[in-house]
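Remarks on the structure that follows.
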There are 2 protein chains.
Amino acid sequence: MKYPNTKKLILEKALDYFTQKGYSGASIRQIARAVGIRESAIYNHYKSKEEIFNAILAEFKSRTISKNILSDDLLEELDNPEKFLKDFAKKLVDHWNTEDEKKFIRLLLMEQFTKIGSKELSTTEYLTELRSICKLIFSEMIKNGIIKKLDPNFLADEFTAYLFLLRTEYMSGSNNTAAPRIYELSNRHIEFIWNSIKI
Amino acid sequence: MKYPNTKKLILEKALDYFTQKGYSGASIRQIARAVGIRESAIYNHYKSKEEIFNAILAEFKSRTISKNILSDDLLEELDNPEKFLKDFAKKLVDHWNTEDEKKFIRLLLMEQFTKIGSKELSTTEYLTELRSICKLIFSEMIKNGIIKKLDPNFLADEFTAYLFLLRTEYMSGSNNTAAPRIYELSNRHIEFIWNSIKI
DNA sequence: TATCTTAATGAACGTTTGTTCTTAAGATAA
DNA sequence: TTATCTTAAGAACAAACGTTCATTAAGATA
């Protein structure tokens, strides 16, 4: 009998239960049953429930937005800034709409205040990378004289805030709004921002 | 011996534990100890843990934003729209910065995806009242010809989104940013919005 | 005074929790 | 082949869980 990749499977099922019942509400036995093994077998792979939680966090921390959404063909659109921003936002929405990302934002929202989550989870930290990318983009636009001279950090927040609200409402829970509608809202936001900052 | 208001106290302590450990992570025994009574005494006031949770929700649902932040003296500032919006945002921030409101948003974020919370808790529903107030305000401004003709629903969202991000980051968790700094950020946002929509 | 209601106690219940232990079978390496 | 390593099962553990119970004592009501 081959060894199936139980270790990975435990993480997947644990994430499912953590995001449905919270860390405390999910039990080792339920997770084990979902994996198809006994609860004692779990401990051959992780030495505690907390270690499972931390392993999930480590997996997400190792991922980066940049690689997923700042593709080369996107960067070539920089000469059409409004279209660039729209496509950038669209890629971000797509990324956030991923099944894995949706689960992670749920875990973040649920556990960021608890003892186990407060060490590693915070919305600010989660948005840090996106913020710095946006800041870079707007800084470049200012330098090239295509938008007004405003604080790029502030512009990054204005850009992000609306999308973050979209995400919180339509891309994390049961509120299953269709993707096209989200694109529509996102585009309208970009148009608003663009008309406010363009020279 | 007078009867102390144990019923109310149970709700307060339960909310504390729910927002620190999640609904599942908080136990009747811990809550009872915090109140100063035995766990069995809890059941003289509420017939189950779930009933305590629902009682907390009911208390928050019965409250309304309008009464707290749409005061008469604020409405008299409507002839100075930018100042009005700034003061409106400030009042909202103050309201959100209330100890009770902070606890509730935490409960909302934590339990909105769990079995017990999904029936009654949603970010969209929580923002509904604020949205409709904002919509009313912007509709009025459009009618009076002092701002551009844009979709008032959209303007309400743009107005709300940035403040919601501020709230999520600085007014719900351990990220204890001082109030003056939040006002500052809020004002800059209003100035940005105002310059974008004024005629 | 007698009765009723309220709010508390402490023990007990059956269940579930996270975790540990021993044991065994298949995979791997010598 | 033998020896070792990995992964699983199943029983067991003490602790904690939500809840129920009979009992008690103190105000409220009559």
Side-chain angles (χ1 to χ4, degrees), chain A residues 1-59 107 110-111 113-120, chain B residues 1-59 107 110-111 113-120:
Chain A
M1 195 228 292
K2 282 199 310 177
Y3 290 144
N5 198 349
T6 310
K7 193 154 187 167
K8 188 84 196 303
L9 200 56
I10 291 171
L11 252 40
E12 284 174 27
K13 297 300 182 185
L15 180 58
D16 282 342
Y17 277 97
F18 287 164
T19 54
Q20 280 166 28
K21 312 190 154 205
Y23 174 79
S24 283
S27 83
I28 293 285
R29 277 174 179 80
Q30 289 173 323
I31 295 166
R33 199 175 309 130
V35 171
I37 58 177
R38 283 272 171 167
E39 66 270 16
S40 51
I42 294 256
Y43 291 87
N44 287 320
H45 303 275
Y46 301 96
K47 73 174 204 286
S48 66
K49 188 184 180 184
E50 186 166 353
E51 199 180 82
I52 296 176
F53 182 82
N54 288 329
I56 291 174
L57 254 54
E59 200 176 287
L107 195 68
M110 293 171 87
E111 301 298 335
F113 307 119
T114 66
K115 197 180 176 193
I116 193 167
S118 61
K119 287 168 284 184
E120 304 260 21
Chain B
M1 196 228 291
K2 280 199 310 174
Y3 289 145
N5 198 348
T6 310
K7 194 155 186 166
K8 187 83 196 301
L9 200 56
I10 292 171
L11 251 39
E12 283 174 29
K13 297 300 182 184
L15 180 58
D16 282 341
Y17 276 97
F18 288 163
T19 54
Q20 280 166 27
K21 313 191 153 202
Y23 175 78
S24 283
S27 83
I28 293 284
R29 277 175 178 81
Q30 289 172 325
I31 297 166
R33 199 175 308 129
V35 172
I37 57 176
R38 283 273 167 166
E39 67 270 17
S40 51
I42 295 256
Y43 292 87
N44 287 319
H45 303 276
Y46 301 95
K47 73 174 204 286
S48 66
K49 188 183 179 184
E50 186 166 352
E51 198 180 85
I52 296 177
F53 182 82
N54 288 329
I56 291 174
L57 254 54
E59 199 175 287
L107 195 67
M110 294 171 88
E111 300 298 336
F113 307 118
T114 66
K115 197 180 177 194
I116 193 167
S118 61
K119 286 167 286 181
E120 304 260 22

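We use all heavy atoms of the structure for the numbers below, so side chains are in, but hydrogens, waters and symmetry mates are not. Every chain is numbered from 1 and lettered A, B, ... according to where its sequence line falls, protein lines coming before strand lines. Owing to the predicted nature of the structure, the values given are computational and were not obtained by experimental measurement.
- For DNA chain C, the residues of residues 8-28 of chain A within the heavy-atom distance limit of 4.0 Å (strictly under) are A/A26, A/S27, A/I28, sorted by number.
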Protein-nucleotides 11-13 of chain D N/O pairs under 3.5 Å:
{"unit_1": "D/dA12", "atom_1": "N6", "unit_2": "A/R29", "atom_2": "NH2", "d": "3.4"}

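- In this structure, the NZ atom of A/K7 is 12 Å from the C1' atom of D/dT7, given to the nearest Å.
- For B/K115, there are no side-chain contact (heavy atoms from CB on, under 4.5 Å) partners, not counting sequence neighbours.
- The distance between atom OH of A/Y43 and atom P of C/dT20, rounded to the nearest whole Å, is 7 Å.
- Between B/F53 atom CZ and D/dG18 atom P the separation is 14 Å, expressed in whole Å.
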In a table with atom names and distances, give each donor-acceptor pair under 3.5 Å that connects a side chain of residues 22-31 of chain B to protein atoms at least two apart or in another chain.
{"unit_1": "B/Y23", "atom_1": "OH", "unit_2": "B/E50", "atom_2": "N", "d": "3.2"}
{"unit_1": "B/S27", "atom_1": "OG", "unit_2": "B/R29", "atom_2": "N", "d": "3.4"}
{"unit_1": "B/S27", "atom_1": "OG", "unit_2": "B/Q30", "atom_2": "N", "d": "3.1"}
{"unit_1": "B/Q30", "atom_1": "OE1", "unit_2": "B/S27", "atom_2": "N", "d": "3.2"}

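- Side-chain contact between B/V35 and B/R33: absent, with no pair of heavy atoms (C-beta onward) separated by less than 4.5 Å.
- Remark: C1' of D/dG18 and NZ of B/K47 are 14 Å apart, rounded to the nearest angstrom.
- By the side-chain hydrogen bond (donor to acceptor under 3.5 Å, both in side chains) test, A/D16 is found to be paired with A/K103, residues two or more places apart in sequence or in another chain being considered.
- Between A/T19 and A/L15 the shortest heavy-atom distance is OG1-O, 2.8 Å.
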Give DNA chain D the dot-bracket treatment, 5' to 3': Watson-Crick (N1-N3 with N6-O4 or O6-N4) or G-U (N1-O2, O6-N3) under 3.5 Å, [ ] crossing, | other strand. ||||||||||||||||||||||||||||||

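- One atom, CD1 of A/I42, and another, C1' of D/dA9, lie 13 Å apart when rounded to the nearest Å.
- Residues meeting the side-chain hydrogen bond (donor to acceptor under 3.5 Å, both in side chains) test with A/E51, sequence neighbours left out: A/K47.
- A 4.5 Å side-chain heavy-atom check between A/I10 and A/Y46 finds at least one atom pair inside the cut-off.
- A search for side-chain contact (heavy atoms from CB on, under 4.5 Å) contacts involving B/A58 returns nothing, not counting sequence neighbours.
- You'll find that the side chain of B/N44 is closest to C/dT9, out of C/dT9, D/dA8, C/dT19.
- The side-chain hydrogen bond (donor to acceptor under 3.5 Å, both in side chains) search around B/E120 returns B/K61, not counting sequence neighbours.
- Residue A/H45 has its side chain nearest to D/dT7 when only C/dT9, D/dT7, C/dG18 are considered.
- Every residue two or more places apart in sequence or in another chain that forms a side-chain contact (heavy atoms from CB on, under 4.5 Å) with B/T114 is listed here: A/M110, B/E111, B/I116.
- The nearest whole Å value for the distance from the CD1 atom in A/I37 to the P atom in D/dG10 is 13 Å.
- When side chains are defined from C-beta on, A/I56 counts as touching A/F18, because their heavy atoms get closer than 4.5 Å.
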